[in-house]
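Structure record follows, encoded as C-alpha cells.
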Protein chains: 2
Amino acid sequence: MVQIPNTPPSASPGPRSVPTSADVARLAGVSRATVSYVLNNTSTVRISEPTRRRVLDAARELGYVPHAAARSLRAGHSRMVLMPSPAAPLGPLYGRFVSELQWALGRLDYTVVQYGTTAARGDEAARAWAELRPVAVLVPGTELGPQGVSLLRRSGARAVVTLGPACVDGAHALLMDQAAVGHAAAAHLYARGRRRIGVVVPRDPALETFSRPRLDGARDALRGTGAEITELPLAWTEEDAARLAARWTGLGLDAVFTYDDEYAMLLMRALQDTGVRIPEDTAVIGADDLMLGRLLRPRLSTVRVELPSGADLAALVDRAVRNPGAAPETHRVLGARVVRREST
Amino acid sequence: MVQIPNTPPSASPGPRSVPTSADVARLAGVSRATVSYVLNNTSTVRISEPTRRRVLDAARELGYVPHAAARSLRAGHSRMVLMPSPAAPLGPLYGRFVSELQWALGRLDYTVVQYGTTAARGDEAARAWAELRPVAVLVPGTELGPQGVSLLRRSGARAVVTLGPACVDGAHALLMDQAAVGHAAAAHLYARGRRRIGVVVPRDPALETFSRPRLDGARDALRGTGAEITELPLAWTEEDAARLAARWTGLGLDAVFTYDDEYAMLLMRALQDTGVRIPEDTAVIGADDLMLGRLLRPRLSTVRVELPSGADLAALVDRAVRNPGAAPETHRVLGARVVRREST
DNA sequence: TTGAAAGCGATACCAA
DNA sequence: TTGGTATCGCTTTCAA
C-alpha cells in the first residue's frame, strides 16, 4: 500500500501491492512483451533460453500471478462456464451431476463457476450473469426466459443451455421433465392393480419445481383410466407425517407415490407405526433410487432417474461454443425407469 | 445490427458484437464519461434530466450490460468472494451451510462464486484462484497451505478463511474439528458402559478428510480407559455391509460409531438382518442428526454437528475485508452434541 | 453540466 | 530475438 508500482523501488516496508507483468519485465530487464511471450509459451515467437530463464525466475521471485480480468478483457473472451447455484441444496443426484459436469468441462479446459444466486430473479439475474461475460451459461430450472437468453447471447455467451422441464427460445435445452417420473410411478401402480392413488407433494416451496411436474405426470398417466389421484401435502417433519398417517384409513388409498425416496421413508415409517401394512393395504413407491430405499423393509420400489452424464453435457457445451450459430439442440434427457422391489 | 462498433459503417452481416458504453454514448449523443455518470448514479456529478433519459434509453435500446472485468480492472478491486467447490458433494449439512452463506454475503453486497475445482491441487489451485483477484477466499478442507495463503494475499485477497480441522498461517480459521464428533460419540458409548467399540471408516477416499479425524477423535476419547477401538472399513454398498455383519460376532464388539447416520442405516440394516440386536448386543451411534435417524427402529442415537450460521461467517469475512491488516481470527466453531435415542 | 484523456494489466501486431 | 505500442471496456480526474 505504501509503494506505488511503476515507480522506482523505495525501501518503504508494508504490504507490497500486487505484482504485474511490468514488474516482472523490469526485474528481468526485458519488455512486457517478452514476459508475455515467455509465460504463455507463445509458439510464433522464439525466445532465447537465457532470457526465458531470467523471466521465469523474476516471475517466481515476485510471486507473479496473471490477472484473469485483464487477460480476458484483452482477449475479448474467456473460457468461463457459468452456472447459477440453486437457492437451496437440491439433493445428492444433482450434486453428483454438477461434480461430474465440472470435471468433464475442466478436461475441455473450461472453468466452471457457480454463481451465488442473489435476490435477483429471472431476467434481472441474467443481467448479473451477463456482466461476467461467460462463454457459456448453464441454467437449471425455469428462471430464465427468452429475453434472458437473448440478453446473454447479446453479451457474448456463445452457448446458453437450460436444464429443466421446458425449452426456451434461443437456448439449447436439456429437457428434464420431472413429469416422466410421476408418470412412470403412477403407471406402475396402476399396472399393479391400484386405483386410488395418493401423491405426496412436499410443502417445501423450494421443491415445487420438482414436485408439481411429478404430480402432473402422475395425473397424466391415469387420465381416462378411472383411477383417482389424491394430492397429499406433506411437510418434512415426523409430526406432519404422523398426522397424515392418522387419517390414512379415512383416505381410502391403496397406493401412494411419495415424491422421492426420502419422503417415502418418512411416510412409510408413519404408516407402519399406525399399523398400515405395506404393500398389502397400501403400496408405496418413491423416486430417485437412493440407497436408503434398498435398506427399508419392505424394500422400497422406486423410480430411477437417469440423468445425462456430465461428459455428454460438456460435449454439448463445447460443440455449441465452437459453433455458436448452429440451431439450438433440444434433448430429452431425463429417463425414468421403475425399479420394483417389495413395497408395490 | 449490421454495423460494427468503433469502425466505419460496413455492410458486412453476421452476429453483432457486444455493445459497450461507447456505443451507448454514441447513440445518446454524449461522451462515455456521461454514460458512466448516469449508469452509476454518480453523486459527485449532476447530470441534467434530459441527458439522463437519453442515456438510459440508449442503454436499454442496445441492451447494454457493463463488463465486470473491465470495471474491476479499472477499479483495482472487486467484491467477489471465491469458494472452491468440493470435488464430491459433501452432504446436506454442507449444502445448507453454503446456501446460507451465499445469501448472507449477498446481503452484504458480495458476489459469491464457487470455483469448479480442476485437477489442480493445493498451491497449484491457489494460483488459479488468485488469477480471479477475489476480495476474499473461503477454503474448506486442508488443501491450502501457508504458501497458498500468502500467494492469495499477495494477489490482493483481503481475507483468506479456511474452514477445516487446522489453522493455516496467515489465514483466518474457522476450526471445524471433526475429531470432536468422534470424541463425543466414543465418550457417549463409554459412558453407556461399552468397552469394545468399532468405528466405521468409509472406504470412499473423498470422505477421508472427515472420517479420519472422526476416528482419531474416538481413539482420543478412549485413550487410557482400557476400552478398545476397532477400525471398520466399509464401502457404501449393501454387499460390503453384509460382509461386515457376517463377521460381526467374531469381532466381539459391543458398540459401533458409524461415521454418520447414513452409514449407520446401512450397517444397522445388515446387522439386524443377521440377528444382531440393537442396542442389546451392539449399541449404534451415527452422526449429523439427519432425519433418517429418527425414522429408524430403534431410533438412532447420533452426534449433532453444530456449524456456525452463514451470517456469522459472512460477518467475519466482511470484517476481515474492511480491515485486512488485523490479526487472523481463529474460531472453534464445530459443536458436537450427542443426541441419545434408542440405539445406545 | 459535459467532454477529453489517462490509465487499470495483459497481449499481439509491426518494427527493429 | 526483442521492444514499442495500440487496444480491450470502463472509471475518474481535470478542464472547459
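Letters A, B, ... are given to chains in the order of the sequence lines, protein chains preceding strands, and every chain is numbered from 1.
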Specify the separation, in whole Å, of atom [atom1] of [X] and atom [atom2] of [N].
| X | N | atom1 | atom2 | answer |
| --- | --- | --- | --- | --- |
| H67(A) | dT11(C) | NE2 | P | 12 Å |
| R52(A) | dT1(D) | CZ | P | 13 Å |
| H77(A) | dT7(D) | NE2 | P | 18 Å |
| D23(A) | dC8(C) | CG | C1' | 13 Å |
| R54(B) | dT1(C) | CZ | C1' | 12 Å |
| L73(B) | dA10(C) | CG | C1' | 9 Å |
| L39(A) | dA10(C) | CG | P | 9 Å |
| E49(A) | dT2(D) | CD | C1' | 16 Å |

Handout entry: Salt bridge present between R26(B) and D23(B) (N-O < 4.0 angstrom)
Key = yes
Problem - Charged N-O contact under 4.0 Å between R52(B) and E49(B) - result: yes
Handout entry: H172(B) side chain to E329(B) backbone, donor-acceptor under 3.5 Å
Key =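 Yes, because the side chain of H172(B) sits within donor-acceptor range (under 3.5 Å) of the backbone of E329(B).
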Do any side-chain nitrogens or oxygens of [X] fall under 4.0 Å of OP1 or OP2 in [N]?
| X | N | result |
| --- | --- | --- |
| S48(A) | dT2(D) | yes |
| S31(A) | dG3(D) | yes |
| T51(B) | dT2(C) | yes |

Problem - Contact summary for D123(B) and G145(B), nearest pair of heavy atoms - result: OD1-N, 3.8 Å
Exercise for the section: Verify the neighbour count for atom CG of D169(A): are there more than 12 heavy atoms of other residues, nucleotides or ligands below 6.0 Å? Expected result: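 No, not enclosed.
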Problem - Whether over 12 other heavy atoms sit under 6.0 Å from Q147(A) CD - result: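 Counting other residues, nucleotides and ligands, CD of Q147(A) stays at 12 neighbours or fewer.
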Practice task
Might you work through the side-chain contact (heavy atoms from CB on, under 4.5 Å) test for N40(A) and R71(A), ending with a clear yes or no?
Solution key: CA-CA 12 Å; N40(A) 295 307; R71(A) 173 181 290 169; 3.8 Å; yes
Practice task
Please round to 10 degrees the angle between the axis of the first five pairs and the axis of the last five pairs in the helix from dT1(C)-dA16(D) to dA16(C)-dT1(D).
Solution key: 50°
Exercise for the section: Find which nucleotide of DNA chain C each of G29(B) and R133(B) is nearest to by heavy atoms, and output the residue with the more 5' nucleotide. Expected result: G29(B)
Problem - Pair S36(B)-R32(B), side-chain donor/acceptor within less than 3.5 Å - result: no
Exercise for the section: Go through the side-chain N and O atoms of S85(B) and Q102(A) and say whether any donor and acceptor fall under 3.5 Å apart. Expected result: yes
Completion exercise
Protein heavy-atom contacts under 4.0 Å, written 5' to 3' over nucleotides 11-16 of chain D as B (base), S (sugar-phosphate only) or - (none), form the string BBB---
